There are 2 protein chains.
Amino acid sequence: MVIHYKDKTFFTGKDLALSIIGGRWKISIIWCFIQQSPLRLSEIQKKLPDVNQRMLIRQLRELEDDKIITRFVYPVVPPKVEYQLSEIGRLLEPVVTSICDWGDNFSDLLEKNDNKTSVD
Amino acid sequence: MVIHYKDKTFFTGKDLALSIIGGRWKISIIWCFIQQSPLRLSEIQKKLPDVNQRMLIRQLRELEDDKIITRFVYPVVPPKVEYQLSEIGRLLEPVVTSICDWGDNFSDLLEKNDNKTSVD
DNA sequence: CGGTATCCAAGCTGATACTG
DNA sequence: CAGTATCAGCTTGGATACCG
């Protein structure tokens with residue numbers, strides 16, 4: 001199987017998937033939308049304070065280009081823009097939850113085994 | 001919940017997980033081990049020709065530091081080193097498979113809907 | 001075979017300032 | 001509010017040389 005997408009070639013669905021959701025903050029962004037939807041830019045910024053605005057907007061644009069999220073601009077002043085997951089984007093929920101589950105699992109192990117680490 | 005790990009602080013298992021598996025090539029590396037295990041460095045290089053050796057070794061070291069994989073050095077000449085997933089590393093299988101599944105799903109949609117894209 | 005060291009180019013990331 | 005512009009710094013990639 002060979003997949004051509006946006007001038008690039010992928011040999012597995014996995015590689016295609018990683019090129020789309022592998023961005024620095026994309027899983028975190030998608031996680032926000034799973035919690036709450038739709039979201040305005042400023043709301044995402046509150047949920048992800050570690051992401052600077054330029055990167056957040058860039059990752060949102062890429063997700064929009066890949067049809068993972070939709071962007072709706074209300075014609076009002078001041079501007080109001082709402083983002084939400086598309087249908088194919090909502091299918092990423094199992095990916096995000098499996099990551100969360102594994103992370104919880106890992107932190108449980110830390111709590112039990114590693115005395116250099118503490119969980120409050 | 002606050003998790004302290006390697007001098008950093010995480011507020012969710014998800015953020016901890018992303019810090020561990022979010023590296024540029026880590027999911028791909030873990031995917032190799034799910035297909036076949038154990039693997040020698042040269043075998044991983046054949047499976048991931050796009051990753052240069054320096055990066056591959058760096059990501060393997062990070063995964064080893066995080067106890068996701070184990071590294072076993074046979075005391076022979078020429079050197080023989082085998083890598084494989086640890087117990088907690090094997091628990092990443094659902095993460096990888098969910099990514100693969102979504103990617104296959106996405107490429108199916110491309111095949112059906114997007115006439116700028118072709119799947120051979 | 002399985003690394004490490006170095007150099008250099010390119011791309012990504014972040015902080016800050018600014019705009020309609 | 002929702003962006004854009006700019007610049008600095010870090011990360012990554014690619015080539016090459018070298019070592020036990």
Side-chain angles (χ1 to χ4, degrees), chain A residues 6-10 15 18-30 32-33 36-66 68-85, chain B residues 6-10 15 18-30 32-33 36-66 68-85:
Chain A
K6 292 187 191 295
D7 297 335
K8 291 181 184 172
T9 301
F10 302 95
D15 292 329
L18 287 176
S19 82
I20 292 174
I21 62 171
R24 180 81 181 75
W25 298 105
K26 286 179 184 173
I27 292 289
S28 294
I29 291 170
I30 292 160
C32 291
F33 288 117
Q36 181 187 338
S37 182
L39 283 168
R40 301 179 63 170
L41 179 66
S42 53
E43 294 174 319
I44 306 174
Q45 286 181 293
K46 279 173 204 157
K47 286 173 171 286
L48 302 177
D50 290 344
V51 191
N52 76 51
Q53 184 174 274
R54 190 179 59 96
M55 272 317 293
L56 178 57
I57 289 171
R58 189 144 142 191
Q59 304 265 301
L60 286 169
R61 290 283 178 283
E62 291 180 7
L63 288 170
E64 191 191 352
D65 286 345
D66 289 327
I68 307 304
I69 62 173
T70 60
R71 176 172 175 269
F72 184 79
V73 183
Y74 291 87
V76 295
V77 178
K80 176 175 176 176
V81 178
E82 278 186 349
Y83 297 89
Q84 59 185 5
L85 288 176
Chain B
K6 293 188 191 290
D7 298 335
K8 291 182 184 171
T9 301
F10 302 96
D15 292 331
L18 287 176
S19 81
I20 292 173
I21 62 171
R24 179 78 180 78
W25 297 105
K26 286 180 184 172
I27 291 289
S28 294
I29 291 170
I30 292 159
C32 290
F33 288 116
Q36 182 186 339
S37 182
L39 284 168
R40 301 178 65 170
L41 179 65
S42 53
E43 295 173 321
I44 305 173
Q45 286 181 294
K46 279 174 207 157
K47 284 173 172 289
L48 302 177
D50 290 345
V51 192
N52 74 51
Q53 183 176 273
R54 190 171 47 109
M55 263 299 151
L56 178 56
I57 290 171
R58 190 189 291 188
Q59 303 265 301
L60 286 169
R61 290 284 177 281
E62 290 179 8
L63 288 170
E64 192 191 350
D65 286 346
D66 289 327
I68 307 305
I69 62 174
T70 59
R71 177 172 176 270
F72 184 77
V73 183
Y74 291 86
V76 294
V77 178
K80 176 174 177 178
V81 178
E82 280 187 348
Y83 296 89
Q84 59 186 5
L85 288 176

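None of the values given here were measured: they were computed from a predicted structure. Lettering follows sequence order; numbering is per chain, from 1.
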Name the pairs: protein N/O against N/O of nucleotides 8-13 of chain D, kept only if under 3.5 Å.
unit_1  : atom_1 : unit_2   : atom_2 : d
dG13(D) : OP1    : Trp25(B) : NE1    : 3.0
dG13(D) : OP2    : Trp25(B) : NE1    : 3.3
dG13(D) : N7     : Arg54(B) : NH2    : 2.4
dG13(D) : O6     : Arg54(B) : NH2    : 3.2

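Rounded to whole Å, atom C1' of dC1(C) lies 10 Å from atom CD of Gln45(B). Regarding Arg61(A), its CZ atom lies at a distance of 15 Å from the C1' atom of dA5(D), rounded to whole Å. We find that CG of Leu56(A) is positioned 14 Å from P of dC1(D), with the value rounded to whole Å. At whole-Å resolution of the value, CZ in Arg71(B) and P in dC1(C) are 16 Å apart. If you measure from atom NZ of Lys46(B) to atom P of dC1(C), you get 7 Å, rounded to the nearest angstrom. For the pair Ile44(A) CD1 and dA2(D) P, the computed distance is 9 Å after rounding to whole Å. Per the geometry, CD belonging to Glu43(B) stands 13 Å off P belonging to dG3(C), to the nearest Å.
Contact annotation: Tyr83(A) reaches the phosphate of dG3(D) (side-chain N/O to OP1 or OP2, under 4.0 Å).
Contact detail for Glu82(A) and Pro38(A): the closest heavy-atom pair is OE1-CG, 3.4 Å. Across all their heavy atoms, Ile44(A) and Phe33(A) have their closest contact at CD1-CZ, 3.8 Å. Between Trp25(A) and Gln59(A), the closest heavy-atom pair is N-OE1, 3.1 Å. Leu39(A) and Lys47(A) get closest at one heavy-atom pair: CD2-CE, 3.9 Å.
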Ile57(A) vs Leu41(A), test: side chain to side chain contact (heavy atoms under 4.5 Å, CB included). Steps then yes/no.
CA-CA 8 Å; Ile57(A) 289 171; Leu41(A) 179 66; 4.1 Å; yes

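Closest approach to the Arg40(A) side chain among dA2(D), dG3(D), dC1(C) is made by dA2(D) (side chain taken as heavy atoms from C-beta onward).
In this structure, Ile57(A) reaches the bases: a heavy-atom distance under 4.0 Å links it to at least one base atom across the strands shown.
For the pairing with Leu60(B), the side chain to side chain contact (heavy atoms under 4.5 Å, CB included) check across Val81(B), Ile69(B), Asp65(B) returns one residue only, Ile69(B).
No hydrogens or angles were tested; on distance alone, nothing pairs the side chain of Gln53(B) with the base of dG2(C) as donor and acceptor under 3.5 Å.
Side-chain contact between Val51(B) and Ile29(B): absent, with no pair of heavy atoms (C-beta onward) separated by less than 4.5 Å.
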